[in-house]
Amino acid sequence: MGKDSERSKMNETPDGLSIVETDEVRVRMAPSPTGFLHIGGARTALFNWLFAKHYNGKFILRIDDTDTARSTDESMHEIYTALEWLGLEWDEGGNKGGPYAPYLQSERKSIYDAHVTQLLESGNAYHCYCTPEELEEIRAQARADKLPRSYDGRSRNLSSEAVKRFIAEGRKPTVRIKMPDTPIRVDDLILGSRNIDPATLEDEVIVRSNGMPNYNLTSIIDDAEMRITHVIRGTEHLNNTPTQIAIANALGLEIPKFAHIPLVLDSNGRKLSKRHHGDLVAVNRYREQGYLREAMLNFVARLGWSYDDKQEIFAVSELIEKFDLARVGKSGSVFDIKKLEWLNSHYINRLDVSERTDAVIPFWEVEGLLNQTEDRDWLIRIVEAVGERLTTLQDIVPQTRYFFTDDYEFETKAVKKWWGGSEEKREKTSEILTNLGQILEAVPSFDVETVETAIWKYTDENDIKRVAAMQALRIALTGTSFGPSLFDIVTLLGRDEVLKRIPRAIAYL
RNA sequence: GCCGCUAUCGUCUAGGGGUUAGGACGGAUGGUUCUCAGCCAUCAAACCGGGGUUCGAAUCCCCGUAGCGGUACCA
């Protein structure tokens, strides 16, 4: 602990790299709008946001939509709403604008074009007329020869005749970056430093044949143009880093500090992705299911980051205060829904009944259970009766449906266990229900204490097991064998409703 | 194939040469109770393997192995 606090005061990673060397920290989240925001993306956003907040810096939302074929406005808005729900508000970019606008890469093409011209003119990039088929062949050959890279840079020195011929054939060139033949040093705030062997570096395409620039080019240019000081992103980008550094060097651009955070994995240890996991991992889906923002943030923060060996629950303000890149681990973390559920129920239970009622009302509404005649106090009493039984807000629906409607089924399992599979048992249950009906009809007032006293008096005097009577009545009134205190249910339902439901249950028997 | 990254209970993790390897989720058992949930108590559960370095290694080094990521005119 002493060492840790020393370390963060010293502003260093375990490897001795200094984390912040600037007055104004500027970080960015740069999603490509090709789908919804998933858990992994949310974590990248959170880490960036926490880092910015911790250092009083700026969090920028840049939209990396250079893949025009896959980018859609719809997913861009999905991303906005997910980030907004999480409360990860951005200072610049997205739909907000800012001093370095535009923040949509598709609107920055002229900037990239200028840089490409510069690269071409300085001899750091070149046109490549290889066709996809040729490239495929080169790749296959390289693989067969066990070469460390799949493109050999053969277009670096094309003769002007060859170029003329290709143009005459109608070929549209791509632009490739000419990678240096000296090692590239990559300093990573999480992974440490290393030198990359130039033999493994490949002249990647930085502009497509349709003229649209690629990620490695646009990303590093924009990071420089937008004065990004730290690039915090998933380790899937680790192999892009040398290319981006090479481009920045060739262009004389400022290079940000890099921090590659480990991947979020599924239970099989594979990277979480839209493609393989569908919207099971979509942030918006969790909102719809009744997860709380606080739970989500707390959960996601602990995926790869830890504070000490004691604390699991972190308020957002505490995350901001305590978040430290030096305490982000190097290995991937499995997304464990059970832990999210635990945190979610924790945060739900921490709300007072009134807040919890407000939180839950929309979930009743979508199910059409509310019809404006309910008074709020009654709803609050229901939520109070439900107590700490909610894992998600949506759980309120199955757990309280019977308060709003008598259109419920008697669960087979419950019926079998508590109402009886035999004729004899059914008769007994029917008798108990009849008696309870009479008692509840006669009871002087319909409050918990009176009802409880009356029912206990009945069971004890007639030598009936309390459980048996209670469960018989519970199933009659709710259709299920579990739920809140039965006395709460009875009084919440009210005498009329209870006396209506009992005969119905007896008839069913 | 090639390049890279990683490696502590099932999961998230603490750990910085000497600890009965700690906590949390999940699991199991018991208690409380009208059921369920909760709560309380208890339990099971881990240092990938092999070599070094050292009096002493989960911790430092090397070699394996395994897993993952990348290997696109995606990001």
Side-chain angles (χ1 to χ4, degrees), chain A residues 3-4 7 14 30-32 34 64-67 69-71 128 130 132 135 139 142-151 172-176 188 191 194 196-197 199-202 204-216 218-219 233-240 242 260 262-263 265 267-271 299 302-313 329-343 345 349 386-391 399 414 417-418 452 455-456 459 465-475 480-487:
Chain A
K3 288 206 168 147
D4 288 342
R7 189 171 66 212
S32 70
T34 54
D64 284 9
D65 57 350
T66 50
D67 186 349
R70 295 195 304 145
S71 297
C128 170
C130 296
L135 291 172
R139 254 196 299 275
R143 201 173 167 128
D145 295 344
K146 304 189 177 197
L147 296 176
R149 55 186 172 192
S150 55
Y151 182 69
K172 296 267 184 274
T174 60
V175 177
R176 289 184 184 266
D188 189 281
L191 265 13
R194 71 206 76 242
I196 309 299
D197 180 355
T200 69
L201 265 18
E202 150 175 341
E204 286 178 41
V205 170
I206 54 175
V207 181
R208 299 172 172 90
S209 55
N210 69 4
M212 275 307 279
N214 267 146
Y215 173 75
N216 277 323
T218 60
S219 181
R233 73 211 326 181
T235 39
E236 71 265 31
H237 290 297
L238 192 56
N239 293 326
N240 291 322
H260 287 94
L263 301 174
L265 315 167
S267 53
N268 296 317
R270 290 178 172 276
K271 180 179 135 182
F299 172 71
R302 287 285 287 100
L303 250 32
W305 171 81
S306 66
Y307 178 63
D308 60 16
D309 63 342
K310 306 235 171 347
Q311 193 171 355
E312 290 291 339
I313 306 290
K330 299 178 177 182
S331 53
S333 335
V334 174
F335 169 79
D336 178 14
I337 186 83
K338 289 289 182 192
K339 188 154 181 187
L340 208 210
E341 287 176 348
W342 168 71
L343 279 165
S345 62
N349 296 337
V386 167
E388 303 197 336
R389 290 177 178 79
L390 301 178
T391 295
Q399 289 188 29
K417 177 160 186 196
W418 297 104
E452 180 172 353
I455 292 183
W456 286 166
T459 54
K465 274 193 177 163
R466 286 183 168 193
V467 193
M470 295 299 271
Q471 287 299 77
L473 185 57
R474 177 184 296 279
I475 296 165
T480 107
S481 61
F482 51 82
S485 162
L486 188 55
F487 302 116

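Each chain gets a letter, A, B and so on, in the order the sequences are listed, and its residues count up from 1.
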Q: Of the nucleotides rC5(B), rC12(B), rA75(B), which one has an atom closest to the side chain of Leu238(A)?
A: rC5(B)
Q: Please measure how far the C1' atom in rU29(B) lies from the corresponding atom in rC5(B), and state the result in whole Å.
A: 42 Å
Q: Using the P atom on both, measure rC48(B) against rU32(B) and round to a whole Å.
A: 42 Å
Q: Partner of rU71(B) by Watson-Crick or G-U wobble geometry, both contacts under 3.5 Å, or none?
A: rG1(B)
Q: Looking at rA14(B), which nucleotide sits across from it as a Watson-Crick or G-U wobble partner, both distances under 3.5 angstrom, or is there none?
A: none
Q: How far does the P atom of rG23(B) sit from the matching atom of rC40(B), given to the nearest Å?
A: 15 Å
Q: For the side chain of Glu312(A) and the base of rG23(B), is some donor closer than 3.5 Å to an acceptor across the two?
A: yes
Q: Under 4.5 Å between any side-chain heavy atoms of Met470(A) and Phe487(A), yes or no?
A: yes
Q: Can you check whether Thr174(A) reaches Asn214(A) side chain to side chain, under 4.5 Å on heavy atoms?
A: no
Q: Within this structure, what is the NZ-to-P distance between Lys417(A) and rC34(B), rounded to whole angstrom?
A: 15 Å
Q: For rU20(B), which nucleotide is its Watson-Crick or G-U wobble mate, given both distances must be under 3.5 Å?
A: none
Q: What is the base-pairing partner of rA41(B), counting Watson-Crick and G-U wobble geometry with both distances under 3.5 Å?
A: rU29(B)
Q: Distance check, C1' atoms only: rG15(B) and rC2(B), in whole angstrom units.
A: 36 Å
Q: Quote, to the nearest angstrom, the C1' distance that separates rA57(B) from rG18(B).
A: 10 Å
Q: Which nucleotide sits closest to the side chain of Arg302(A): rC3(B), rC73(B), rU13(B)?
A: rU13(B)
Q: Counting C-beta onward and ignoring hydrogens, is there a side-chain heavy-atom pair between Arg176(A) and Val205(A) closer than 4.5 Å?
A: yes
Q: Using whole Å, report how far CZ of Arg466(A) lies from P of rC34(B).
A: 6 Å
Q: Are any of Ser219(A)'s side-chain N or O atoms less than 4.0 Å away from OP1 or OP2 of rA75(B)?
A: no
Q: Tell me the partner of rU6(B), counting only Watson-Crick (N1-N3 plus N6-O4 or O6-N4) or G-U wobble (N1-O2 and O6-N3) with both under 3.5 Å; none if nothing fits.
A: rA66(B)
Q: Taking N and O atoms by type only, does the side chain of Arg389(A) place a donor or acceptor under 3.5 Å from a partner on the base of rC36(B)?
A: yes
Q: Side chain of Thr66(A) only, heavy atoms from C-beta on: which candidate in rA7(B), rA75(B), rC25(B) is closest?
A: rA75(B)
Q: May I ask you to test the Ile313(A)-Leu343(A) pair for a side-chain heavy-atom distance under 4.5 Å?
A: yes
Q: Would you kindly give the CD-to-P distance between Glu388(A) and rU33(B), to the nearest whole Å?
A: 19 Å
Q: When we call it a touch if two heavy atoms are under 4.0 Å apart, what does Pro262(A) touch: a base, just sugar-phosphate, or nothing?
A: nothing
Q: Which one, rA75(B), rG26(B), rC5(B), comes nearest to the side chain of Trp342(A)?
A: rG26(B)
Q: How is Pro31(A) classified with respect to the nucleic acid when contacts are heavy atoms under 4.0 Å: base, sugar-phosphate, or nothing?
A: nothing
Q: Could you tell me which nucleotide pairs with rC36(B) by Watson-Crick or G-U wobble geometry, both distances under 3.5 Å, or answer none if nothing does?
A: none
Q: Considering only nitrogen or oxygen atoms on both sides, find all protein atoms under 3.5 Å from nucleotides 63-71 of chain B and state each distance.
A:
| from | atom 1 | to | atom 2 | distance (Å) |
| --- | --- | --- | --- | --- |
| rC68(B) | OP1 | Arg270(A) | NH2 | 3.2 |
| rG69(B) | OP1 | Lys271(A) | N | 3.2 |
| rG69(B) | N2 | Asn239(A) | ND2 | 2.9 |
| rG70(B) | OP1 | Lys271(A) | NZ | 3.0 |

Q: When all nucleic acid strands are considered with a 4.0 Å heavy-atom cut-off, which category describes Phe299(A): base, sugar-phosphate, or nothing?
A: nothing
Q: Measure the distance from NZ on Lys310(A) to C1' on rG22(B) and round it to the nearest whole Å.
A: 8 Å
Q: Taking CG from Leu191(A) and P from rG4(B), how many angstroms apart are they, rounded to a whole number?
A: 13 Å
Q: Could you check if a side-chain atom of Trp342(A) sits within less than 4.5 angstrom of a side-chain atom of Phe299(A), using non-hydrogen atoms only?
A: no
Q: So, does Ser306(A) get its side chain near the phosphate of rA14(B), meaning an N or O under 4.0 Å from OP1 or OP2?
A: yes
Q: Is there a side-chain polar atom (N or O) of Asn349(A) under 4.0 Å from OP1 or OP2 of rG38(B)?
A: no
Q: Using the P atoms only, state how far rU13(B) lies from rG31(B), rounded to an integer number of Å.
A: 36 Å
Q: Heavy atoms only, 4.0 Å cut-off, all strands: where does Gly304(A) land among base, sugar-phosphate and nothing?
A: sugar-phosphate
Q: Select from Val334(A) and Lys146(A) the residue whose nearest nucleotide in RNA chain B is closer to the 5' end of that strand.
A: Lys146(A)
Q: Give none if rC60(B) has no partner; otherwise give the nucleotide forming a Watson-Crick or G-U wobble pair with it, both distances under 3.5 Å.
A: rG52(B)
Q: Less than 4.5 Å apart, side chain to side chain, heavy atoms only: is that true for Leu486(A) and Ile455(A)?
A: no
Q: Would you mind reading off the distance between Tyr307(A) atom OH and rU13(B) atom C1', rounded to a whole angstrom?
A: 15 Å
Q: What about Ser209(A), does its side chain sit under 3.5 Å from the base of rC73(B) through a donor-acceptor pair?
A: yes
Q: Does the structure show a Watson-Crick or G-U wobble partner for rA46(B), both distances under 3.5 Å? Name it, or say none.
A: none
Q: Base, sugar-phosphate alone, or nothing: which one does Leu303(A) contact when heavy atoms must sit under 4.0 Å apart?
A: sugar-phosphate
Q: Quote, to the nearest angstrom, the P distance that separates rG49(B) from rG10(B).
A: 13 Å
Q: Quote, to the nearest angstrom, the C1' distance that separates rU42(B) from rC60(B).
A: 39 Å
Q: Nearest to the Lys339(A) side chain among rC25(B), rA14(B), rU13(B), which nucleotide is it?
A: rC25(B)
Q: Regarding Thr174(A), tell me which of base, sugar-phosphate or nothing describes its non-hydrogen contacts under 4.0 Å with the strands shown.
A: base
Q: May I have the distance from Ile196(A) (atom CD1) to rC2(B) (atom P), rounded to whole angstrom?
A: 18 Å
Q: Donor-acceptor pair, distance only, cut-off 3.5 Å: does the side chain of Ser219(A) make one with the backbone of Asn216(A)?
A: no
Q: What is the separation between atom NZ on Lys338(A) and atom P on rA24(B), rounded to the nearest whole Å?
A: 19 Å
Q: So Tyr215(A) and Asp67(A), do their side chains get closer than 4.5 Å, heavy atoms only?
A: no
